[in-house]
Every structure is written in C-alpha cells, then in structure tokens.
Amino acid sequence: MSFVSNESGGGACVSRPVAGTRPRALRRLGRGLCLAGALACAFPTLPAFAQPIGLPSMGAASSAELSPAVEHTLGEAIMEQGRHDPTYIADLDVNQYLTSLGRKLAAHAPQPLSQPITVFGVRDPSINAFALPGGFIGVNSGLVVAAQSESELAGVLAHEIGHVMQRHIARGITQQAQGTGLMVATMIGALLAALAGQGNLAMGVAAFGQAATIDRQLGFSRSAEQEADRAGFQMMRQAGFDPRGMVDMFRRLMNASRLNEGTGGGYASTHPLSIQRLSDLENRLAELPAIAPRLDPDFWFVRARLALIQARSNEDRQRLQQTLKADARTQQGARQAAALYGLSWLSWKAGDSAAAGRLLDEARAVRAAPELDILAIQLARQQSATAAVDVSAQAWSRWPHSQGVAYERAQALQAASQDQAAVTFLKAVVGQWPDIPEFQQLLANSLERLGHKVEAHEVMATYFEQTGALPTAVEHLEQARSLSHDFYAQSRLDTRIRSVRERLEAQRALLAPFKK
C-alpha cells in the first residue's frame, strides 16, 4: 500500500468548495479570526462577528487572554485542515523560498516574536496576503506575480510579520465586542472535538465558503495597520531590502483598489490602505539614504513558478506565454532565465518535449537555478526512469540545499524502483530538514515497499504529528506496535504512544479554559 493520500486519516476529509463559490477557505482563514467566522456560518444563531477595531497597545492583559502556546495550537489546527484546501500550494521550492524570506525579515524584528514564521503559497490571482494564529502567513500567487521586485514582496511580508510581532491576531481573537467571546468558545469546542478524533474541522472550513462578505469584516484598524507598517519598514531596512519596495507595492495596491472598488476580496479589503499610511512611509523613506538592495535571483524563478501554477485555463496560459515571451526578449539575467523557464514548462505541458528541452538549454545558458534542474529531472523522467535518476544525482550535487531538488531526486529513485537507495537518501534528507512532512511521507512509502512495515508506520506517525493530525499519528503507532514482535521496539513504541497522547492532553488542557 502507499501512504500518499489526499486524506489525513482519523476522520479528516478534503474540504470542497460550496456550489457556486471558489475554494478560497485558506484566504478566509486569514487574520486568525476567520475560523470563528466559518463556525458562525455553521452555527447561524451566533451573533455577527465584530471587526477588531481600536486595538490597544499590547500589554500583559492581552497576552494572558491568549498565550503563545494556545495561539500556536490554533494555528496548527487550522493549517492541518487548510492543507486540504485545493488552493493550498504544496510546492516545496515555493514554500522554502517564502519561508526563508519571511524568517530573514523576522530576524530583524524590533522586538522578539513569540512564534516562528512559516510562509506558504495559495493559488489565487487576487493580490492578497494574510496571517493566521501561530506565525503562519499565507501569500496569494497573485501578489507575488504582481510584485516587480523582491523588495516589493518583502514589504508585504514584513507588514504581515509586524502583525505577528504586535500580536494583533491573538488580540483580535480574544476581543470580546459583540459576542466575539462566544465565537471563540465555539471555535475552541470544535478544535477540542477534532483533537479527540470526534469532530471534523474541515466541515467548518468548507462552510466558510458560504460567507461571501466575510473578508470585509476582518480588516484591522488603521492604527494597527500603521503599527505593522512601521515594524515592517524597520525589518526591511535592517535585513538589507530597499524600503522603497514597501512604498511602491502599497501605492500599486491603492491604485488597484480604486480600479476595482466594490469588488471586494483584494488586499485593501482586509488591510485598509490610506493616504495617511502611505504618507507616513514616504516621510520615513525621505529621511533615509538610498541603499543598494540585496538581489536574490530565486525571486524571479519563484515568481514564474507561481504564475504557471496560477494559470489554470488555456486562455490564462496563452496570456502568460505572451508575457513570458516579452520578458525573454527584453529582460536580462535571472528575470530572462525565469521567463525561458516558464516557456519551457508550458511547452512541456503542451506535449512539445523538444521545444521544452531547447528552451531549458537557453535558460541554463543565461543562469543556473535549482528550478531549472527540477524541470530537467521532470523532462528526463519522460525518457526513462534511469535517465531521471542520473539527472537528479547531478542536480542534487549542484543544489544540496534545495528541498525541491531533494523531493524530485527521491521521486526519481522511487520511480526507478530503487527504494533502498531512496531510503538511504531520504534518511539523510530528513536529518537535514527534520520538520518537512513531505519527506517523511516519501520515506514511509519506500519503507513499506521494502517490507519494513513497522518502521513505515512509525515514519507515517511522524508525518501526521508534523501536520497536526495527532489522533491519526497514534493510530499509526498502535499499528506499528501490533506488527512488531521485538520487545525493545514495542517498549519504544509504547513510550512514543504515551508521549503523543500526553501532547494531545496538553493541547486540550491549553484550549479548555477558553471553552465557556
């Protein structure tokens, strides 16, 4: 059997869009409070949700209301279900870049963050980004594609990290105005049921799709947004990015908001933009000397990758192809190579492998990048599994810090039925990135095919622990325990089962005081 599945087990199901709506549950989970809105849809007797306006300066009282531990538990529970949203981008290359960018900025936050920053992509052409509880930040593909420099993208991320630093999400969740407390209690009750393996939080996420106007209710006050602006501006400067990127991006967002006034769903609907905020940033910028910003060529390849993921229809791909052709003619360096990469990928998907190979060679002649080698592995797999293994070995030697290359290398080994080599490789990769669940899942698949069923279930238990499905992790550990005939292995498994159950109980204990 294969452990690769669209379900997380333990009763969890894939969230599906409600008829007549687009599957945008993740975006609407933004700002942390959105899950409460989802439950309001499921329980219409609850009072209307209040916008978190006029947040006071952060103090001990707000921290006491929602501790960082509880906030992180909420974030992990939301992400467990959010990963099933069809718009969640499960692309290691994209999410590694976004998280790395977020953490570089967070390292220069004016004050310590209570949560680690994790950034992920969402397939949606609208220009938006959002923060969840626990330091999770979602970025729409449309925002990255609209950015004209890495500094512009960094400006939006720095702003979101500013919200995390100021604990705006945590304070908004616990704000008591107009029945918010009752919603929080209902949300906590749903999470407690999910931790007990009795509930289905994905049902609440799916119900959220019925709230067509919910995004407009979730924006922070202008004073809170200005706090995040100022913190983000400082992070950008100290991290080596050009703060003008934040100003340029916000000016573009304001223009887009005016052009699309009344349509909703964009960045301005959840981040109230204003001339006052923009003027404040421009005044701060005027006081600083011009700097030479840091340039990461990965930005252009990730931007191209997200544009490809975002283009779903033939019409979208044709428009993108024209844009990429123009960039390939007029741009230079990494941006030109990224355009050629996009054209190669489109040719591959259109079934023209010869053109894809030629365009890929042109891109490589301009600049080397892990995304180019990832595509080379995928093209080689069409020739033969053995060819893909050879190409992946060369790619890994060039890019030993790329999660995307590592993932393609492991898949190439598995496709060539070299599961023992895949196990050896994946164990080393897991040592390098112990917190990336996708590698645990691949490792479990090869162990299963090799007949190492006990170890395969143990590794899958780790996968479900890392994705937040603790009841399912216990199930896999219990299966491993029942299959083992080794006393020492059974004892070790008993200890781990007890540890995961204690973690479950600890999470329940953290949440219980908020269930009124």
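In what follows, residues are counted from 1 in the order of the sequence shown. All heavy atoms count here, side chains included; hydrogens, waters and symmetry mates do not.
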Going from [atom1] on [X] to [atom2] on [Y], what distance comes out if it is rounded to the nearest 0.5 angstrom?
X: Leu447; Y: Gln440; atom1: CG; atom2: CD; value: 10.0 Å
X: Phe120; Y: Phe136; atom1: CZ; atom2: CZ; value: 8.0 Å
X: Ser344; Y: Leu379; atom1: OG; atom2: CG; value: 5.5 Å
X: Glu160; Y: Ile117; atom1: CD; atom2: CD1; value: 10.0 Å
X: Leu101; Y: Asp296; atom1: CG; atom2: CG; value: 8.0 Å
X: Tyr407; Y: Ser402; atom1: OH; atom2: OG; value: 13.5 Å

Counterpart residues, side chain to side chain contact (heavy atoms under 4.5 Å, CB included), relative to [X] (two or more places apart):
X: Thr386; result: Ser384, Asp390
X: Glu315; result: Ser313, Arg319
X: Ala410; result: Phe425, Leu426, Leu442
X: Ala239; result: Leu105, His108, Phe241

How far apart are the closest heavy atoms of [X] and [Y], and which atoms are they?
X: Ser141; Y: Pro125; answer: OG-N, 4.2 Å
X: Ser484; Y: Ala489; answer: OG-CB, 3.5 Å
X: His457; Y: Ala480; answer: CB-CB, 3.8 Å
X: Leu157; Y: Leu98; answer: CD1-O, 4.1 Å
X: Arg381; Y: Glu408; answer: NH2-OE1, 2.9 Å
X: Ala363; Y: Tyr341; answer: CB-N, 4.1 Å

Between His72 and Glu76, a side-chain donor and acceptor under 3.5 Å: yes

Residues two or more places apart in sequence or in another chain: which of them pass side chain to side chain donor-acceptor pair (under 3.5 Å) with [X]?
X: Gln414; result: Ser446
X: Ser482; result: none
X: Glu505; result: Arg508
X: Glu458; result: Arg492

Listed once per pair and sorted, the salt bridge (Lys or Arg N to Asp or Glu O under 4.0 Å) pairs that draw on residues 411-430, sequence neighbours left out: Asp419-Arg449, Lys427-Glu455

Sequence neighbours excluded - salt bridge (Lys or Arg N to Asp or Glu O under 4.0 Å) pairs with any residue from residues 88-106: Asp91-Arg305

Any sub-3.5 Å donor-acceptor pair from [X]'s side-chain atoms to [Y]'s backbone N or O?
X: Gln310; Y: Gly142; answer: yes
X: Ser100; Y: Gln96; answer: no
X: Thr73; Y: Ala69; answer: yes
X: Asn128; Y: Asn140; answer: no

Verdict with supporting geometry, Gln403 and Glu438, side chain to side chain contact (heavy atoms under 4.5 Å, CB included): CA-CA 10 Å; Gln403 293 174 8; Glu438 288 85 349; over 6 Å; no

Do the side chains of [Y] and [X] get nearer than 4.5 Å, heavy atoms only?
X: Asn95; Y: Tyr88; result: yes
X: Pro133; Y: Gln115; result: no
X: Leu340; Y: Val366; result: yes
X: Leu306; Y: Ile89; result: yes
X: Tyr97; Y: Leu92; result: no
X: His452; Y: Glu448; result: no
X: Lys453; Y: Gln479; result: no

Reference residue Arg409; test side chain to side chain contact (heavy atoms under 4.5 Å, CB included); the match among Ile377, Ile374, Val389, Asp373: Val389

Leu375 vs Trp345, side chain to side chain contact (heavy atoms under 4.5 Å, CB included): CA-CA, chis, key distance, verdict: CA-CA 7 Å; Leu375 181 55; Trp345 191 93; 4.0 Å; yes

With Asp494 via salt bridge (Lys or Arg N to Asp or Glu O under 4.0 Å) - residues at least two apart: Arg481

Set of salt bridge (Lys or Arg N to Asp or Glu O under 4.0 Å) partners for Arg496, sequence neighbours left out: Glu465

Side chain to side chain donor-acceptor pair (under 3.5 Å) assessment of Ser353 paired with Gln382: CA-CA 9 Å; Ser353 297; Gln382 288 188 320; 2.9 Å; yes

CA sep, side-chain torsions, deciding dist, call: Val139, Val156, side chain to side chain contact (heavy atoms under 4.5 Å, CB included): CA-CA 9 Å; Val139 177; Val156 177; over 6 Å; no

Asp124 vs Thr87, side chain to side chain donor-acceptor pair (under 3.5 Å): CA-CA, chis, key distance, verdict: CA-CA 7 Å; Asp124 190 318; Thr87 64; over 6 Å; no

Ionic contact status for Arg303 with Glu150, cut-off 4.0 Å: no

